[in-house]
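Note sheet for the following structure.
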There are 2 protein chains.
Amino acid sequence: MQTTVTLRDVARAAKVSVSTASRALAGGGLTSKSTEARLQRIAAELGYRPNTLARGLKTRSTRLVGLVVHNLTNASFRVLAEVVQRRLRAEGYQALLCITADDPEQEAETIETLADQRVDGLIICPTGHNGALLASLDASGTPVTCVVRRDETVELETVLAADPEGAYAGTRHLLELGHRRIGLIVGRQETTSGRERLSGYRRALEEAGIAFDPTLVHAGRYEPETGLAGCRQLLDRDDRPTALFAANHESALGVLRGLAERNIALPDDISLLCYEDVPGFAWQRPAISVVDSGANAMAELAADRLLQRLRPNAAPSAAGEYRIGARLIQRQSVRPVAH
Amino acid sequence: MQTTVTLRDVARAAKVSVSTASRALAGGGLTSKSTEARLQRIAAELGYRPNTLARGLKTRSTRLVGLVVHNLTNASFRVLAEVVQRRLRAEGYQALLCITADDPEQEAETIETLADQRVDGLIICPTGHNGALLASLDASGTPVTCVVRRDETVELETVLAADPEGAYAGTRHLLELGHRRIGLIVGRQETTSGRERLSGYRRALEEAGIAFDPTLVHAGRYEPETGLAGCRQLLDRDDRPTALFAANHESALGVLRGLAERNIALPDDISLLCYEDVPGFAWQRPAISVVDSGANAMAELAADRLLQRLRPNAAPSAAGEYRIGARLIQRQSVRPVAH
DNA sequence: CTGTTAGCGCGTTCAG
DNA sequence: CTGAACGCGCTAACAG
């Protein structure tokens with residue numbers, strides 16, 4: 001029933017004008033110390049809470065930040081959501097979480113809704129089909145930071161994993177252990193990450209003097225089904241690969257199932273390396289070796305960059321690109337090739 | 001640069017008053033068909049987008065719903081976030097995602113912030129220490145629906161898993177396969193779910209005429225570490241259990257590691273049943289049998305209930321409690337006890 | 001240092 | 001059916 005107490009009520013109770021109350025509670029030292037303290041006290045007693053909407057209408061700032069991801073199943077997005085949420089909150093912002101299912105239409109709708117809500121900024125993993133929309137948002141004063149994927153149609157501040165280097169490092173690790181036929185299960189080639197992970201793999205191979213064999217590569221969506229299909233296809237070959245590199249943690253699940261189907265043991269019968277780390281990999285048996293793509297660091301940096309541009313006197317739009325280094329974590333699913 | 005176009009601009013362009021424009025765009029048939037169509041067109045041409053803040057200030061409704069969970073790592077919360085977000089959006093609401101880390105202080109702060117944002121409703125997995133806050137919110141017209149956990153200090157609409165029945169069904173499944181010593185790794189007894197899962201386990205045992213042995217129970221936080229510790233403790237016994245029941249998917253990870261440490265094979269050397277399903281369990285080797293606690297259904301129902309109460313003429317506050325049935329999913333980590 | 005005045009953009013009376 | 005006027009709650013000019 002709690003009739004919301006407004007600034008006017010506080011002012012009246014303190015016998016001052018509304019604006020004095022406003023200034024006192026803002027605490028910028030624009031009022032005498034005594035009235036400031038007094039109003040703080042009265043406001044607290046009355047249980048006054050400022051109305052965010054009214055304030056936002058006036059100041060044109062909602063302290064709301066849109067966070068747009070494809071889903072929450074993927075470990076990188078999950079980490080992104082948790083970290084960004086935490087960092088924003090520490091700076092007095094709230095995250096508006098939206099999920100697009102990697103669907104351009106839903107993404108477009110989401111972006112417009114967020115704009116309507118007058119969010120102060122936007123952190124988004126773009127589908128790549130709404131670049132214009134994002135760019136106009138950014139240009140009109142709502143900073144946009146892209147993360148994980150880049151929207152290639154337009155120039156926006158972007159935080160990415162060092163995918164070429166990560167895939168290169170992983171592949172190289174396998175090569176150094178003597179593997180020569182390395183199956184790669186990778187993302188769709190329409191996506192930045194898909195292409196870059198493939199290119200890193202390829203470069204490592206070529207540097208090692210091994211011809212790139214496209215039939216060792218299976219590209220598809222980042223889903224278990226892709227891993228399963230790829231695994232089956234690769235295992236059906238006469239010259240079965242001695243190692244598999246799954247370029248995403250979800251497809252790795254499918255690979256595990258594919259291996260289990262045929263009773264192929266890890267790491268004795270085949271080696272498995274996975275791009276992206278998830279807690280399950282460390283805890284399972286055998287523990288899966290991974291190239292950690294640095295989701296945490298990406299999230300931190302994305303939040304940092306956006307917050308930076310949200311500060312009072314920030315450069316309007318710095319379309320820089322940032323890369324987060326990948327890191328090899330050796331566990332038990334990879335071993336030197338048998339002779 | 002996009003100077004935001006306001007209702008006034010639309011009205012001016014159409015040579016009508018602001019209020020006519022407002023009515024025409026609302027489309028409630030309060031204007032002539034012709035002006036309605038004309039204004040719709042002009043608004044579209046000008047790229048008019050209503051200002052959510054101004055509208056909310058006036059209508060006292062933001063179409064924002066707070067969604068408060070402990071984290072996004074736990075599968076139930078993840079599903080909750082995804083499902084609730086989707087259902088809300090379908091009804092024109094946006095979700096404000098907040099993470100409390102199961103910390104009462106952060107929870108209190110979060111609830112207040114959400115109230116400040118004038119959210120229309122709240123779906124929360126409560127810590128149980130801020131019942132008064134939640135109740136006053138609910139009483140003052142912002143419906144609150146609790147989910148997964150109940151705040152026992154207060155009467156609020158709550159959607160829970162049928163934990164007693166689920167744990168009972170799981171335990172019974174193991175009993176029917178001949179297991180007599182069943183180790184239980186369960187949540188803290190301060191939480192509803194922890195207590196209820198233990199009680200279900202206990203009831204199944206007693207119905208089967210087996211004395212409850214507290215030393216077979218290891219309670220702790222829902223974390224891999226708990227599972228690992230519990231697993232070690234249970235395996236150290238002289239009369240080692242023939243089956244383990246991990247009452248949460250995260251502690252199950254720890255159990256898997258604990259088994260691996262000692263080279264105890266699933267399901268040959270011991271059986272493992274897990275409460276809560278995650279995709280990884282179905283895909284891994286051997287696939288883990290689970291009692292699915294119905295996170296999806298819980299999320300759907302919680303969203304349903306809240307949306308119901310958000311409708312124009314809804315009952316102010318129905319403090320009902322809803323239970324979602326659990327379901328046993330047999331996979332490959334459980335087998336009959338060896339003789 | 002404080003009070004008065006004027007909007008922010010919209011929905012909604014109250015007259016015509 | 002339409003227009004004029006008011007106010008949601010707050011901050012920011014401009015005076016005093």
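Here is how names work: the chains are called A, B, and so on, in the same order as the sequence lines, proteins then strands, and each is numbered from 1. Note that the structure is predicted; figures quoted are calculated from it, not measured.
Distance CG (A/Asp9) to P (D/dG9): 9 Å, rounded to an integer number of Å. Between the CZ atom of B/Arg8 and the C1' atom of D/dA5 there is a distance of 14 Å, given to the nearest Å. Rounded to whole Å, atom C1' of D/dC10 lies 11 Å from atom CZ of B/Arg118. D/dT11 atom P lies 8 Å from atom CG of A/Leu25, rounded to whole Å. Remark: C1' of D/dT2 and CZ of B/Arg38 are 12 Å apart, rounded to the nearest angstrom. As rounded to whole Å, 13 Å separates atom C1' of D/dC1 from atom CG of B/Leu39.
Residues satisfying the side-chain hydrogen bond (donor to acceptor under 3.5 Å, both in side chains) test with B/Arg60, not counting sequence neighbours, are none. Residues passing the side-chain hydrogen bond (donor to acceptor under 3.5 Å, both in side chains) test with A/Thr145, sequence neighbours excluded: A/Glu157, A/Arg309. Listed by chain and number, the residues in a side-chain hydrogen bond (donor to acceptor under 3.5 Å, both in side chains) with B/Tyr93 amount to none (sequence neighbours excluded). B/Ala37 pairs by the side chain to side chain contact (heavy atoms under 4.5 Å, CB included) definition with nothing, not counting sequence neighbours. In this structure, the side chain to side chain contact (heavy atoms under 4.5 Å, CB included) partners of A/Thr142, at least two apart in sequence or on a different chain, are A/Val119, A/Leu137.
Side chains of A/Ser32 and A/Thr35: a donor-acceptor N/O pair is present below 3.5 angstrom, by distance only. Using modelled atom types and a 3.5 Å distance limit, the side chains of B/Tyr222 and B/Thr191 yield no donor-acceptor pair.
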Pairs: protein N or O with nucleotides 12-15 of chain D N or O, under 3.5 Å:
{"residue": "D/dA13", "atom": "N6", "partner": "A/Arg23", "partner atom": "NH1", "Å": "3.0"}

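Here the range on DNA chain C touched by chain B, meaning any atom under 4.0 Å from one of its heavy atoms, is C/dG9 to C/dT13.
Judged by closest nucleotide on DNA chain D, B/Ser17 is the one of B/Ser17 and A/Pro50 placed further toward the 5' end. In terms of position on DNA chain D, the residue among B/Thr20 and B/Leu57 whose nearest nucleotide sits closer to the 5' end is B/Thr20.
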N/O donor-acceptor pairs under 3.5 Å from side chains in residues 47-56 of chain B, not counting sequence neighbours:
{"residue": "B/Arg49", "atom": "NH1", "partner": "A/Asp116", "partner atom": "OD1", "Å": "3.4"}
{"residue": "B/Arg49", "atom": "NH1", "partner": "A/Asp116", "partner atom": "OD2", "Å": "3.1"}
{"residue": "B/Asn51", "atom": "OD1", "partner": "B/Leu53", "partner atom": "N", "Å": "2.7"}
{"residue": "B/Asn51", "atom": "OD1", "partner": "B/Ala54", "partner atom": "N", "Å": "3.2"}
{"residue": "B/Thr52", "atom": "OG1", "partner": "A/Asp116", "partner atom": "O", "Å": "2.6"}

Would you list the atom pairs, donor with acceptor, under 3.5 Å between side chains in residues 18-29 of chain A and any protein atom, with sequence neighbours excluded?
{"residue": "A/Ser19", "atom": "OG", "partner": "A/Ser17", "partner atom": "OG", "Å": "3.1"}
{"residue": "A/Thr20", "atom": "OG1", "partner": "A/Ser17", "partner atom": "OG", "Å": "3.0"}

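Applying the ring pair (Phe, Tyr, Trp, His ring centres under 6.0 Å) rule to pairs touching residues 12-34 of chain A yields nothing, sequence neighbours excluded. Pairs passing the ring pair (Phe, Tyr, Trp, His ring centres under 6.0 Å) check and including a residue from residues 55-82 of chain A, sequence neighbours excluded, read A/His70-A/Phe77.
Overall bending of the helix from C/dC1-D/dG16 to C/dG16-D/dC1, expressed as the angle between end axes built from five pairs apiece, is 40° (10° steps).
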